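Right, one structure below, let's go through it.
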Amino acid sequence: MSAPRLEIDLDKIEHNARSLVARLADRGISVTAVTKAALGSPEIARSLLQAGASGLGDSRIENIEAMCHANVPASMTLIRSPMLSQVERLVTHVEVSFNTELDVIRKISFCAQKARRTHGVVLMVELGDLREGIMPGELENAVRQTLRFPYIAFKGIGTNLACRSGVSPDARNMAELSTLAESIEAKFGLTIEVISGGNSANVPWALSGADTGRINNLRLGESILLGREPLHRQRINGLHTDAITLIAEVIESKVKPTQPWGEIGQTAFGAKPPTQDRGDICQAILAIGLQDTDACGLEPPPDIKIVGASSDHLIVESGLHLVPVGTELTFQLNYSALVRLMTSPFVTKVISPKIGLPDATLRTRETGRAFFDA
Ligand SMILES: *Cc1c(COP(=O)(O)O)cnc(C)c1O
């Protein structure tokens with residue numbers, strides 16, 4: 001089978017999603033499954049829906065379009081503020097988008113009118129992570145303006161933490177979102193449909209038994225695909241952390257010194273060259289590189305240690321034994337490694353069938369591009 005490849009176990013993904021959907025339903029919270037790290041794969045999307053996700057969210061309109069073309073039956077939300085230049089595409093395929101700019105919402109209303117439809121808007125609120133969001137003091141005015149646009153349906157409010165600055169979702173900032181929702185409802189005499197508290201970083205808070213207040217939705221990607229919460233990268237109880245793994249192939253295996261020789265300048269990617277002399281070691285090179293992934297986000301098999309990487313080469317130490325050329329090694333992934341691997345056209349995506357399907361062979365997707373051609 002071709003390498004490098006991502007092996008994607010749909011049953012494990014579905015298990016993770018089902019478990020989170022059930023546990024959060026107990027707390028009155030629905031799950032929008034986020035497909036951006038799955039590059040909008042229709043197969044993964046279908047598993048997420050099968051597991052009970054109430055809808056799908058993606059930050060890239062291309063991914064949403066790919067899922068629509070594959071007839072994935074879900075309500076789709078664009079979870080990154082739309083570009084003004086993409087608003088016409090937006091209203092065609094997407095029912096709801098997250099927004100923070102009135103100029104964008106105005107154009108959405110205009111384009112929605114031309115397309116004879118209405119578009120749902122969730123207003124994102126800044127609660128400290130300093131990425132997207134309307135400042136809390138300006139929310140009321142933004143809602144007032146949004147309600148005036150004729151082809152816009154005001155769907156609700158949301159926030160996003162733990163992405164740019166690592167701010168943890170907690171009782172205080174989540175209560176603030178609930179309070180904002182209630183004051184908007186009181187001010188405008190309406191009931192807010194969606195109060196979206198955040199991403200996978202909210203899972204520990206949501207499952208801690210804390211009062212979840214008015215929060216009734218989370219948008220989950222990493223916790224479903226990798227079984228971990230992003231704040232401390234701890235495994236979430238009962239979830240698989242190996243639903244998606246990377247297989248890469250050894251192309252060189254030699255005993256080499258640990259110390260480079262010659263005049264030392266910068267490396268290809270600016271990293272420091274090794275400085276500690278530990279004599280000779282067994283070194284192997286795998287045919288995968290920084291063009292395809294984040295080497296810091298790969299966890300090698302036992303007894304293998306990652307010691308360097310460049311665009312097309314991953315260099316590992318293999319303990320006391322040389323690993324034969326042609327050997328395939330399996331790596332566990334973090335989110336940063338996963339998103340790049342999914343996006344790399346050089347990495348084959350192999351999606352394992354659901355147990356019980358008559359076709360027991362693996363269905364292969366040749367490249368990332370194939371998702372879009374589907
Ligand atoms: C990526 C993203 C998510 C999902 O984040 P995970 O940590 O993968 O769960 C949710 N909301 C927004 C706005 C995002 O950009």
Side-chain angles (χ1 to χ4, degrees), residues 13 16-17 19-21 23-24 29-41 44-45 48 51 53-64 76-83 90 94 96-101 104 120-134 155-169 173-174 177 194-207 215-236 239 241 243-244 294 297 333-343:
I13 291 173
N16 285 358
S19 169
L20 287 167
V21 165
R23 283 189 260 175
L24 289 166
I29 293 175
S30 70
V31 173
T32 298
V34 174
T35 47
K36 68 190 183 206
L39 206 70
S41 150
I44 296 178
L48 299 169
S54 62
L56 300 176
D58 204 296
S59 49
R60 310 283 173 139
I61 202 158
E62 292 83 353
N63 290 344
I64 293 182
M76 305 278 182
T77 300
L78 185 72
I79 60 174
R80 183 174 72 181
S81 301
M83 291 182 233
L90 175 80
V94 189
V96 179
S97 57
F98 287 5
N99 284 272
T100 61
E101 292 290 348
V104 176
V121 161
V122 172
L123 293 176
M124 294 297 276
V125 188
E126 175 64 69
L127 289 180
D129 201 52
L130 299 181
R131 205 180 72 178
E132 76 273 38
I134 297 161
K155 284 280 175 190
I157 63 174
T159 196
N160 194 71
L161 296 171
C163 275
R164 180 188 161 194
S165 313
V167 171
S168 303
N173 46 39
M174 288 298 105
L177 191 64
V194 181
I195 304 167
S196 189
N199 54 48
S200 292
N202 288 62
V203 169
W205 162 81
L207 298 181
I215 311 301
N216 64 9
N217 173 264
L218 291 179
R219 314 169 303 270
L220 304 182
E222 175 167 0
S223 52
I224 295 176
L225 298 174
L226 297 176
R228 293 182 190 276
E229 54 77 27
L231 287 173
H232 308 287
R233 297 255 136 68
Q234 295 293 312
R235 173 171 174 257
I236 298 169
L239 301 196
T241 56
I244 308 178
D294 173 3
L333 314 171
N334 78 2
Y335 191 72
S336 163
L338 173 65
V339 285
R340 295 190 215 177
L341 287 162
M342 273 288 184
T343 314

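Order of appearance sets the numbers: ligands from 1, and atoms from 1 within every ligand. Note that the structure is predicted; figures quoted are calculated from it, not measured.
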Mind jotting down which residue pairs meet the side chain to side chain donor-acceptor pair (under 3.5 Å) criterion with at least one end in residues 220-230? Sequence neighbours excluded, please.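 For residues 220-230, and leaving out neighbouring residues, the side chain to side chain donor-acceptor pair (under 3.5 Å) pairs sorted by first residue read S200-S223, E222-R233.
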Taking [X] for its side chain and [Y] for its backbone only, find out whether a donor-acceptor pair lies under 3.5 Å.
{"X": "T35", "Y": "G40", "answer": "no"}
{"X": "N216", "Y": "I195", "answer": "yes"}
{"X": "N173", "Y": "S168", "answer": "yes"}
{"X": "N99", "Y": "E101", "answer": "no"}
{"X": "D58", "Y": "I64", "answer": "no"}

Hey, what polar pairs (N/O, under 3.5 Å) does ligand 1 make with protein?
| residue | atom | partner | partner atom | Å |
| --- | --- | --- | --- | --- |
| ligand 1 | 8 (O) | E222 | N | 2.8 |
| ligand 1 | 9 (O) | S200 | N | 3.0 |
| ligand 1 | 9 (O) | S200 | OG | 2.5 |
| ligand 1 | 9 (O) | G221 | N | 2.8 |
| ligand 1 | 11 (N) | N160 | OD1 | 3.3 |
| ligand 1 | 11 (N) | R219 | NE | 2.8 |
| ligand 1 | 11 (N) | R219 | NH2 | 3.3 |
| ligand 1 | 15 (O) | K36 | NZ | 2.8 |
| ligand 1 | 15 (O) | R131 | NH2 | 3.2 |

